[in-house]
Amino acid sequence: MAGLIAGRLALGLVTLWLVSAIIFLGVEALPGDACTAILERDAHGAALETCRKALGLETPALERYLSWAAGVARGDFGLSAHGQQDIAGLVGYRMRNSFLLAAGALAVGIPLAIALGVVAGLTRDRWPDLLFSTGAILAMTIPDFVAATVLILVFAIWLGWVPAIVLTPADAPPLEFFPEFILASTVLAMLMVAHVMRMVRASVIEAMSSDYVQMATLKGVPYRQVVLRHALPNALLPAINVIALTVAWLLGGVVVVEVVFNYPGLGRLLVDAISGRDLPVVQAITMIVAASYVAVNLVADLLGLLLNPRLRSYRARQR
Amino acid sequence: MSAAAPLIDIRKLCVGFRGRAGTILPVLHEVDLSVCRGESLGIVGESGSGKSTLALAAMGYLRPGLQKLAGAVLFDGQEMFDRPAAELARIRGGKLGLIPQNSGQALTPTLRIGAQIAEALRLHCDHDPATHRARACDLLEQVRLPEPEAILRRYPHELSGGQQQRVAIAMALAGEPDALLLDEPTTGLDVTTQAHILDLLRDLARARSMAMVYVSHDLGVIARVCDRVQVLYAGETVLTGPARAVLRAPAHPYTAALLAAIPRLGERTLPRALGGRPPGPDEPREGCAFAPRCALATGACRAARPDMAEAPDGQAARCLFPGAAPSRDAGHAAPACPADSPCVLRVVDLSVRHARPGWHMRLRGRVPPATVAGVTFDLRRGETLGLVGESGSGKSTILRALAGLLPPASGEIVPGDGTRLAGAVERRRPQDLRRIQMIFQNPDASLNPRHTIAEILAQPLRLYFGLTGQALAARAEELLATVRLGAECLDRRPGQLSGGEKQRVAVARALAADPEVVLCDEITSALDVSVQAAVLDLLNDLKARRGMAFVFVSHDLAVVRALSDRVAVLYQGRLCETGPAAAVHGAPSHPYTAALLGAALAPDPDHVPRLLAEDAVDPGPPARGCPFQRRCPVRRGAICETDTPPAREAAPGHLIRCHIPLHELCATAPG
Amino acid sequence: MSALTATRRRRAGALLRDLVARPSGAIGVALVVAHALMALFSPWLVPYDYKAMEATITLAEPSAAHWLGTDHLGRDVLTRVMLGGREALVITGIATPVAMLWGGLAGIWLGLRGGWPDEVAMRLVDAFLALPGILPLLVLITVFGTGGEVLLPTLAFFFGIPVIRVARAAAHEVVARDFVAAARARGHAPLDIVRREILPNVTDTLLVEGAMRWSWMLLGFSALSFLGFGVAPPRPDWGLMISDARVYMSLAPWGVIAPVLALSTLIIGINLTADALAGALGLDRGRKAVI
């Protein structure tokens, strides 16, 4: 078992290393560098030379990659191109805000999605299922920025419950951007609920038509217990990985939603950085999001290994 | 209630489902069934006859989509389908137990065996919960499972098929049932395991005087455990009666034909095939459902559905001419291979590994023994070699190695022209590829569902002979005719054919190459007996008329006996015994052959199988010594564990690999 | 060969009939076809020039002259909504098949090849999937510009990566089946086996996957436009229109609602079609035959 976990961790690290290489190479391949971004119109001649020397840009790419990667591993992302701020400090509060947003969406979304999926799966092709499934399709198909816009239209403009446009600094206490937080996490939760619910529904239907559920029924197990003891544990195990993927998607998907709600998180910072061509910041944020993606998937993988007896001994036997 | 009142009483039960067109299609049609305490009833039928539906209906349960249309299902005098859910739950698993077909899938994968048995005890017994663990152990001991404490802690997938089946039996016994429903409980198990489980069930039923309803397609199993038999055909009861009478002199022509289609262990004759197929639920039915396939059918049979009529020996048959069916005659013997025919395939010291051992295994010197090792045989033109063994014996692995799908680790494969064949299919010469063709176990898997039959047959014809256009079409049609299928099949896809038809297409595809050697991997095990007989007949015909040679792999000794000139018995990928079919089936025998032959069943009420081998699971071939050392009942001690047994020649061409001298082996062999 | 194409055509016809027989399929196909027709013929149908601004009637309410009102520059909203899907449909309509093709072929090849190329490629795929959402698109677009010649290959590349995984899994499943073993044992060339035995059994999965990917690509494309990285003004695009009109939402909600409805109906149409397609091909999980 310990060997298995170690193996997974190693795979996660390999993925992270590849991600860092892709990000570094990707930025490297782009025309222009940090200095052209810093100096903007003055990026020529002696000024450019001095800047490059100052930032150590004329050292070979491999060396720069190594020092960058070493910094990232310590949590030091270097300085931003604009204003020469420490990126770690720039990102800190925004990261907290983005993770809060994701956590809020998850805390509501996952239990709701599982509950709806289970009910839909158990009442397959009857009205609760039809209702939830149709709802899920609608929720999946409405773009997040459209949903966000509609929410603002309804709650800010028509009902006037929340201010339509707010400018909250990133380091404000979370309560200050509570209205945006609620609206933004609602939009994120809606999309996530739709995806996870459909998956849970299919999984529950499969489990309920399995031989072991039929056998449990014919063993005299009451319906509630058949569902809770026999069907659900088996149905929800494969859902773990889908939930993980959705969570990972959530981390990337916050970009648009944060922009729409003007929410002081990583996503908005990212869009600003891209518009301003602040490449070190883009690198840093990408790396953070990718690392969380890898971490979430790793946790899901390990959880699946721990909870699924079949997987556990199958993998163990393979070794 | 009088003592004679039946415990399970089903009257005129009709069950159906709503078809695509919206009409109700029947699955069961006015079926009666009754079983008393202490009685054991066998329900026999081929796939699609509705036998499993009937057994589940006895528990007041229908699979989703099915509905009860009419009739009554009484348990203990009360209708099952009218009972409230709580009462049904109390009866199911309590007084009325079920042993499912595939316990591997019927046990909940995420719960330990202990938890699942304890659940049954909690639901159905009012014992003190503290005693449940001991009681569960006790139950596992009753089903003869060794180390019950360890088993309780395991998950279902950690047990072998036979162990899973025993756990399912223990779970049914936990409710202290009055009646047991058994839905093909030994299908898919090895013969030796099956014999042990049937033995256990017989003893349990007798000791507890339970009523048993035993559903099976296998008349041999029914003969072993049942007092009475009820035969279903296309959702109708066609025959009921005492097991002895039904098996000896069946009063219904369908049962007679079914019995004639079963190959017998003691006879070297091909069983008689039964043409046609039963009507599906969506086909309109007038008159007797069996009439289209019945040799005795008259105009009256096709006009009206016959009622159940009294027949000799206490039977009742749904037939206008009960008892008129001819009794079983000896089928025609398979033609023997001429002694002087040339060798078309020689296999020398073949060994196969599924996975190459990794470098760390080789470094530490812990290379596991090969899956198949030391297999040597030769095959002559027009000869059929039967490869027999239980699951895991490596028989399919050998075929895959011969076909080049699994390159051998060592050894030689030499076709008729004497040149050595390359291991991997990619490195074989085209003419060698054409010479050896393989037919797979399950036609659903071996025929691409996306292609029409014409396209499937065209592939080898284009590849080997470069046929196109008219010539191609003509040849494809000819091939279909050879396997007794009409040209109308050409436009169909495999999904539109029945199981037997699909397998015949697979045979036709192999024939398209005009091969010298055909490798048959359990090609009849997915088929019903009546269909199996037709396929066996076809193979024999090809062998006699075209001089093709077959390597026929099967777990069924009787089938192998009916078809083969020579037989090779495998255990754990090693040969135990090879020789002419008659010699292998007679004395002297390798202890494993003797165990297999002893455990085999026959559709004969007087046949008593003998349990010779221990019913244990062998995890893999041993590194040294005799492959059968762990289960052998006549083990000689240390020598069996250290030395490879010598091949002794009992008669010309009859080799037995055992440390025990031949004259002593004669004593242990089945008479 | 002609007989074979005929059966293929017959199969496509049967599939379409089966698709339309399902209520979700009928609605989905109708929506997609309606949008496609609109995209094809809208240049001849629109009442105004999409660039024509009338300063006197900015943010006008719907009227007989302007059925859906006007935007903040006084341009006709109906005209712009009718034209606003063209660029998205053309670019994603080309990029989706390209993504399916390269991702599908790469996935099938890796699934069959196995070994170290498979290991390496899967790690790379993992790494690419770890990059957050539309971020790589954003970066490339800011650098190279937002023309179709940048968007199309970028979308096709990044949306092809997850397809590799799907195709690889599907290929794995098919390769293990006996008809592939039978073809190998007969000695067919590897390419023949891929073309005849494997592709026909993988295409179903890829077809459904492709429909889903198309809707996601449309979502991604409009999100880019919404963020200002997609279609450049003054060309009309739904995402861009929503973004522009959002500011005036309290004054002129129709400016938001019209493009939202247009975009949503198209995506709902694609999703319903994909769902019905999966059903018609027997791919939806948990559906078992009664007998």
Side-chain angles (χ1 to χ4, degrees), chain B residues 17-19 25 27 48 50 53 63-66 280-281 399-400 402-406 424-426 428-430 432-434 436-452 454-456 458-460 462-464 468-469 473 490-491 493-494 506 509-510 512-513 519 521, chain C residues 1-12 14-15 17-18 21-22 112-115 170-171 173-207 279-283 286-291:
Chain B
F17 65 97
R18 196 172 288 281
L25 304 173
V27 176
T53 306
R63 266 168 301 190
L66 292 176
L399 283 199
R400 284 184 181 253
L402 295 182
L405 294 172
L406 200 64
V425 70
E426 287 78 12
R428 291 189 181 175
R429 296 174 303 167
D432 290 331
L433 292 168
R434 187 190 61 75
I436 301 179
Q437 293 289 312
M438 179 157 173
I439 308 172
F440 293 80
Q441 173 170 12
N442 188 348
D444 287 320
S446 71
L447 302 179
N448 192 333
R450 276 308 149 73
H451 292 168
T452 58
E455 180 57 25
I456 287 170
Q459 288 190 20
R462 276 198 217 115
L463 179 72
Y464 297 129
T468 50
L490 283 173
D491 292 334
R493 282 169 211 284
R509 179 173 65 181
L519 311 170
D521 187 6
Chain C
M1 258 2 245
S2 65
L4 200 61
T5 40
T7 55
R8 234 173 246 163
R9 207 169 299 140
R10 220 177 305 146
R11 182 162 176 268
L15 186 60
R17 245 172 296 153
D18 198 355
R22 293 157 192 268
L112 300 186
R113 173 65 178 78
E173 197 253 325
V174 177
V175 166
R177 309 219 329 238
D178 276 346
F179 58 79
V180 177
R184 276 187 58 210
R186 275 199 305 273
H188 286 285
L191 267 179
D192 258 11
I193 298 181
V194 170
R195 194 166 54 87
R196 273 221 207 85
E197 311 289 344
I198 295 172
L199 273 184
N201 289 285
V202 176
T203 40
D204 281 3
T205 315
L206 289 185
L207 206 60
L281 292 170
L283 283 178
R287 220 167 250 275
K288 272 190 188 166
V290 173
I291 299 218

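Each chain gets a letter, A, B and so on, in the order the sequences are listed, and its residues count up from 1.
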Ion pair check, B:Asp444 and C:Arg177, cut-off under 4.0 Å
no
Minimum heavy-atom distance [X]-[Y], with the two atoms named:
{"X": "B:Ser446", "Y": "C:Ala182", "answer": "O-CB, 4.5 Å"}
{"X": "C:Arg184", "Y": "B:Gly404", "answer": "NH2-O, 4.3 Å"}
{"X": "B:Pro449", "Y": "C:Phe179", "answer": "CD-CE2, 3.6 Å"}
{"X": "C:Arg196", "Y": "B:Asn448", "answer": "O-ND2, 3.6 Å"}

Report the C-alpha distance between C:Arg186 and B:Met438 in whole Å, list the side-chain angles of each, state the deciding distance to 0.1 Å, and finish with yes or no for side chain to side chain contact (heavy atoms under 4.5 Å, CB included).
CA-CA 9 Å; C:Arg186 275 199 305 273; B:Met438 179 157 173; over 6 Å; no
So which part of B:Leu405 gets closer than 4.5 Å to some heavy atom of chain C, the side chain, the backbone, both or neither?
both
Does any backbone or side-chain atom of B:Arg400 lie under 4.5 Å from a heavy atom of chain C? Answer side chain, backbone, both or neither.
side chain
With chain C, the option among B:Gln437, B:Gln459, B:Arg434, B:Arg509 that has the most non-hydrogen atom pairs under 4.5 Å is B:Gln459
Can you find a pair of side-chain heavy atoms, one from C:Leu199 and one from B:Arg450, that are under 4.5 Å apart?
no
Contacts of B:Asp521 meeting side-chain hydrogen bond (donor to acceptor under 3.5 Å, both in side chains) (sequence neighbours excluded), chain-then-number -> B:Ser396
